[in-house]
Amino acid sequence: GYSQLKNLKLYHRDLVTNNPYFIKIVEDYDEGFIFELLINDVRVYDFRKVVLLGDKEIVFQAGPTCQCTEKNVMNMYSSLLK
């Protein structure tokens, strides 16, 4: 349910914010968030969105190889909204 989703999101947020490249959370949502990293003096953006399907947990993300802009990530995240 909702509390499981919230706990999952907080778990992933802790993982991300403990990354040494982490700069800030850009947008925060009930089921996920968009964040900024600084890698080799380059600002990149990524997201996590958690979805529960039955007993399965699915975590969407752009991934470290994306080197996405903030706009790319915003578009990806919003395309996953129900």
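If you're wondering where the values come from, they're calculated on a predicted model, not measured in any experiment. The residues of the chain are indexed from 1 along the displayed sequence.
For the atom pair CG (L10) and CG (L15), the distance works out to 11.0 Å, reported to the nearest 0.5 Å. From N18, atom CG reaches atom CZ of R13 across 11.5 Å, with rounding to the nearest 0.5 Å. Note that CD of E27 is 12.0 Å distant from CD of E36, once rounded to the nearest 0.5 Å. With values rounded to the nearest 0.5 angstrom, E57 atom CD is found 6.0 Å from L52 atom CG. Taking OG1 of T17 as the reference point, atom NZ of K24 lies at 15.0 Å (rounded to 0.5 Å).
The minimum heavy-atom distance between Q67 and V44, with the atom names listed, is CA-CG1, 3.7 Å. When all heavy atoms of C68 and V73 are compared, the pair lying nearest together is CB-CG2, 3.4 Å. In this structure, H12 and V50 approach most closely via the heavy-atom pair CD2-CG2, 4.1 Å. When all heavy atoms are compared, the tightest approach of L37 to I23 is C-CG1, 3.9 Å.
By the 4.0 Å N-to-carboxylate-O rule, D41 lies too far from R43 to be salt-bridged with it. Using a cutoff of 4.0 Å between basic side-chain nitrogens and carboxylate oxygens, D14 and K9 are not scored as salt-bridged.
Judged purely by atom type and a 3.5 angstrom limit, N40 has no side-chain atom pairing as donor or acceptor with the backbone of V42. Of the possible polar contacts, none joining the D28 side chain to the F33 backbone as a donor-acceptor pair under 3.5 Å is found. Of the possible polar contacts, one joining the N72 side chain to the T69 backbone as a donor-acceptor pair under 3.5 Å is found.
Classified by interplanar angle (parallel below 30°, tilted 30° to 60°, perpendicular above 60°), the ring pair Y77/Y29 is parallel.
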**Message:** With side-chain contact (heavy atoms from CB on, under 4.5 Å) as the criterion, how do V26 and E70 come out once you've worked through the C-alpha distance, each side chain's angles and the decisive distance to 0.1 Å?
**Reply:** CA-CA 9 Å; V26 178; E70 189 173 1; 3.0 Å; yes

**Request:** Decide side-chain contact (heavy atoms from CB on, under 4.5 Å) for Q61 and C66; before the verdict, give the C-alpha distance in whole Å, the side-chain angles of both, and the deciding distance to 0.1 Å.
**Result:** CA-CA 10 Å; Q61 63 184 68; C66 174; over 6 Å; no

**Request:** For side-chain contact (heavy atoms from CB on, under 4.5 Å), just list the numbers for R48 and D46, CA-CA rounded to whole Å, side-chain angles, deciding distance to a tenth of an Å, and then say yes or no.
**Result:** CA-CA 7 Å; R48 298 290 182 274; D46 201 347; 3.3 Å; yes

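Placement of I34 and I58 within a single hydrophobic cluster is found when ILVMFWY residues are connected by side-chain heavy-atom separations under 4.5 Å, directly or transitively. Transitive grouping of hydrophobic side chains (ILVMFWY, heavy atoms separated by less than 4.5 Å) brings M74 and L80 into a common cluster. Under the 4.5 Å side-chain contact rule for hydrophobic residues, V16 and I39 share a cluster.
Between Y45 and F47, the distance from one ring center to the other does not fall under 6.0 angstrom.
Shown here is Y11, whose OH atom has no more than 12 heavy atoms of other residues, nucleotides or ligands within 6.0 Å.
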